[in-house]
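Here is the structure we will look at.
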Amino acid sequence: MDGKLKLIMKPIIDILNERISSAIMSAAGVDCPAVVKPTGDAKFGDYQANGVMAAAKQLKCNPHQLAEKIIDVLDVSDICEEPEIAGPGFINLRIKPAFLEAKLLEINSDANQLGVDEISKAEKVVVDFSGPNIAKQMHVGHLRSTIIGDCIARMYKFLGYDVVPQNHIGDWGTQFGMLCALLEKKTEKKKTNETKTLEDLEAFYKEAKSLYDTDEEFAKTARDAIRGLHNGESFWIGEWNAIVRESQNHYLPIYGRLGVRLTQEDERGESFYKDMLAGIVEQLKKQKLATESEGAICVFPEGFKNKEGAALPFIIQKSDGAFLYATTDLAAMKFRVDELGAKKIIYVTDARQALHFQMLFAVVKEAGWVDDSVELKHITFGTMLGEDNKPFKTRSGETVKLKDLLDEAVERAAVVVNEKNPELPDEQKMQIANAVGIGAVKYADYSNNRDSDYVFSFDKMLAMEGNTAPYMQYAYARIKSIERKAGGKDVNIEAEISNIKELHLVEQQEIDLAKHLLKYSEAIIAAAAECRPNFLTGYLYELAQKFSSFYSACQVLKADEKSRPTRLLLCDLTARTIKHGLNELLGIEVVEQM
RNA sequence: GCGCCCGUAGCUCAGCUGGAUAGAGCAACGGAUUUCUAAUCCGUAGGUCGCAGGUUCGAAUCCUGCCGGGCGUACCA
């Protein structure tokens with residue numbers, strides 16, 4: 001790829017920003033960003049530069065007159081019509097049809113990237129997400145971290161980063177001590193060799209938890225057990241292995257169903273760091289950062305206060321000698337920076353852990369383990385609520401198992417497929433129900449601002465109207481249907497598209513769709529920068545809407561010879577973009593028919 | 001007490017480093033199918049952006065205070 005092509009592959013908004021910013025510089029002599037944004041209203045054109053008013057303020061001059069001076073030195077004639085000044089000093093820009101057409105052809109010539117440039121090469125990004133607990137089924141509480149993290153990993157990868165997903169499994173914490181203590185009690189310390197199903201383990205877990213909370217002696221046994229495990233001297237290490245294996249057999253298939261790309265190779269659970277933990281504590285002691293307080297070993301990072309206003313501890317070793325999640329997180333951080341060479345580490349966990357991560361980040365910086373060249377990000381998200389606006393639970397108050405949730409979504413989708421398309425073969429109906437059901441669950445999550453809590457509702461997400469997965473899958477299926485019908489109408493789509501020399505964008509719906517197709521890169525870059533999948537779903541929804549308007553206004557196969565290749569190309573690029581966004585970035589299946 | 005998040009149309013939510021008349025979807029109402037899938041499209045109606053100040057040419061957006069909700073705040077993760 002040569003330099004020229006690279007330049008033009010840049011998002012249009014970036015090109016305009018650069019051009020206008022430098023025009024402001026040369027016309028006014030101030031370094032003031034152009035602040036180019038898409039216009040709120042089509043009557044103002046496609047993009048507007050808002051920065052002139054700010055520049056005029058700096059210079060204490062009339063913004064309108066300044067805008068005129070800027071336009072005089074501004075050359076965007078290859079992209080836009082003559083810029084217009086409006087209001088107090090907006091510069092309004094309208095994309096030239098010729099540019100639109102050229103750009104569309106260019107995207108077509110590089111269909112894998114869909115007009116999106118790789119912005120960075122090989123910078124290593126660790127994305128820490130999912131992190132289910134061993135010995136428990138995944139429940140709805142794991143859904144958000146798992147799929148949001150997966151989407152972030154996919155977006156960064158597509159943009160050219162060297163992404164290392166990490167699944168920080170909860171396989172070494174206090175809950176394990178409880179399980180061991182219960183095994184000890186039940187078997188009188190005899191190894192059993194029985195394989196335990198996950199259901200057994202869950203029942204065990206429940207029993208252990210309630211004993212732990214009520215029986216002080218049991219709690220002590222549990223703490224001893226986890227300390228033993230942490231010191232590598234536990235009788236139960238074999239049992240521990242079996243429990244981990246059984247749990248993997250459960251959650252790896254769930255990842256498969258969810259279309260989440262985490263594999264066993266991405267797994268570095270808490271136990272992976274077990275040999276580092278004592279050293280972590282020692283080192284922080286040596287650095288005089290860790291001190292004993294109330295029997296526990298703590299670091300007191302700057303600026304954190306507890307209820308009484310005293311320094312807030314980051315506890316790295318409990319008074320009973322066991323390590324805890326702060327210790328493993330420190331070890332993981334060191335490993336990621338020193339061994340993996342991470343330049344950016346993104347932690348995807350719910351918002352309740354915000355304080356923990358703030359303190360973690362503060363500690364590693366104070367210790368000098370991580371310098372400013374490494375970016376640490378905690379990406380938070382809100383809670384999934386039930387329709388009663390309380391944390392999502394079953395009617396009997398149990399946590400909802402992820403498997404059950406997915407099953408129900410697929411079943412409900414299957415009912416609709418049967419209504420709409422009874423004539424399809426069963427196997428295909430199942431496949432569609434699967435794609436629609438799982439897709440609806442994921443999409444509903446992605447399309448919400450991750451900061452807010454959101455109300456989970458099968459009825460809403462499977463309504464198949466509005467901003468939902470099925471709406472977009474449907475748009476895709478319609479395009480595929482056109483392609484299938486083309487043969488019967490003697491239309492050779494491939495030939496028509498590959499022979500296109502110039503486009504004829506005439507109808508408003510064609511132009512709107514074309515313009516939106518060019519904005520894919522802007523959407524992905526914004527979504528990745530902020531780790532906000534809802535920016536991407538917003539883009540895709542708008543694309544599907546614009547396609548649907550186009551579809552009902554413009555005939556494709558029966559279009560005249562002048563229009564048809566252009567329309568076929570619009571269909572093709574729309575389908576590819578929807579497929580790419582849904583499939584490659586959100587991990588949601590598309591279907592050929594629905 | 002302190003800290004973080006949230007408060008936008010009847011409901012569920014967008015609103016990108018402050019920008020022009022605050023946008024979608026659902027629900028409501030009215031239209032569109034001899035035409036490539038109507039799981040669709042077109043239109044109507046609906047808002048003191050929690051409240052009060054402040055900064056600004058301009059505030060849903062930034063600052064301060066208050067109200068309401070959620071979460072966190074020493075040995076769970």
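- Inspection of the A:Asp445 and A:Tyr454 side chains reveals an N or O donor paired with an N or O acceptor under 3.5 Å.
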All N/O contacts under 3.5 Å from nucleotides 36-38 of chain B to the protein, with atom names and distances to one decimal?
{"unit_1": "B:C36", "atom_1": "O3'", "unit_2": "A:Lys485", "atom_2": "NZ", "d": "3.3"}
{"unit_1": "B:C36", "atom_1": "O2", "unit_2": "A:Leu557", "atom_2": "N", "d": "3.2"}
{"unit_1": "B:C36", "atom_1": "N3", "unit_2": "A:Val556", "atom_2": "N", "d": "3.0"}
{"unit_1": "B:C36", "atom_1": "N4", "unit_2": "A:Tyr551", "atom_2": "O", "d": "2.6"}
{"unit_1": "B:C36", "atom_1": "N4", "unit_2": "A:Cys554", "atom_2": "O", "d": "2.5"}
{"unit_1": "B:U37", "atom_1": "OP1", "unit_2": "A:Ser481", "atom_2": "OG", "d": "2.1"}
{"unit_1": "B:U37", "atom_1": "OP2", "unit_2": "A:Ser481", "atom_2": "OG", "d": "3.2"}
{"unit_1": "B:U37", "atom_1": "OP2", "unit_2": "A:Lys485", "atom_2": "NZ", "d": "2.4"}
{"unit_1": "B:U37", "atom_1": "O2'", "unit_2": "A:Tyr474", "atom_2": "OH", "d": "2.2"}
{"unit_1": "B:U37", "atom_1": "O2'", "unit_2": "A:Arg478", "atom_2": "NE", "d": "3.3"}
{"unit_1": "B:U37", "atom_1": "N3", "unit_2": "A:Met594", "atom_2": "O", "d": "2.9"}
{"unit_1": "B:U37", "atom_1": "O4", "unit_2": "A:Met594", "atom_2": "N", "d": "2.9"}
{"unit_1": "B:A38", "atom_1": "OP2", "unit_2": "A:Arg478", "atom_2": "NH2", "d": "2.6"}

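- Across B:C41, B:G15, B:U21, the shortest atom-to-atom separation from the side chain of A:Lys43 is found for B:U21.
- Using C1' as the reference atom, B:G70 and B:U56 are 33 Å apart when rounded to the nearest Å.
- Listed by first and then second residue, the salt bridge (Lys or Arg N to Asp or Glu O under 4.0 Å) pairs that reach into residues 49-66 of chain A come to none, sequence neighbours excluded.
- With both ends at atom C1', the span from B:A60 to B:A14 equals 12 Å, rounded to whole Å.
- Under a 3.5 Å cut-off, the side chain of A:Tyr520 and the backbone N or O of A:Gly581 do form a donor-acceptor pair.
- Both key distances under 3.5 Å define a Watson-Crick or G-U pair, and stretches of 3 or more such consecutive pairs in RNA chain B run B:1-7 with B:67-73, B:10-13 with B:23-26, B:28-32 with B:40-44, B:50-54 with B:62-66.
- Between A:Tyr471 and B:C41, a side-chain N or O to OP1/OP2 separation shorter than 4.0 Å is present.
- Rounded to whole Å, the P atom of B:U44 lies 10 Å from the corresponding atom of B:A24.
- Geometric assessment of A:Lys515 against the ring of A:Tyr47 yields a negative cation-pi assignment under the 6.0 Å and 45° thresholds.
- Rounded to whole Å, the separation between the P atoms of B:G54 and B:U61 comes to 14 Å.
- Remark: the backbone N or O of A:His64 is paired with a side-chain donor or acceptor of A:Asn62 at under 3.5 angstrom.
- With RNA chain B read from its 5' end, the first of the two nearest nucleotides for A:Gly40 and A:Asn534 is the one closest to A:Asn534.
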Name the atoms and distances for all side-chain donor-acceptor pairs under 3.5 Å in residues 476-489 of chain A, with sequence neighbours left out.
{"unit_1": "A:Lys480", "atom_1": "NZ", "unit_2": "A:Glu483", "atom_2": "OE1", "d": "3.1"}
{"unit_1": "A:Arg484", "atom_1": "NH1", "unit_2": "A:Glu592", "atom_2": "O", "d": "3.1"}

Problem set entry | Where protein sits on nucleotides 56-64 of chain B, one letter per nucleotide: B base, S sugar-phosphate only, - none, heavy atoms under 4.0 Å | SB-------
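- Around the CG atom of A:Asp31, the shell of radius 6.0 Å holds no more than 12 heavy atoms that belong to other residues, nucleotides or ligands.
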For this session: Summarise how protein sits on nucleotides 70-77 of chain B as a single string, 5' to 3': B when a protein heavy atom is under 4.0 Å from the base, S for sugar-phosphate-only contact, - for no contact.
Result: -SSBBBSB
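- Residue A:Asn448 places none of its side-chain N or O atoms closer than 4.0 Å to OP1 or OP2 of B:U12.
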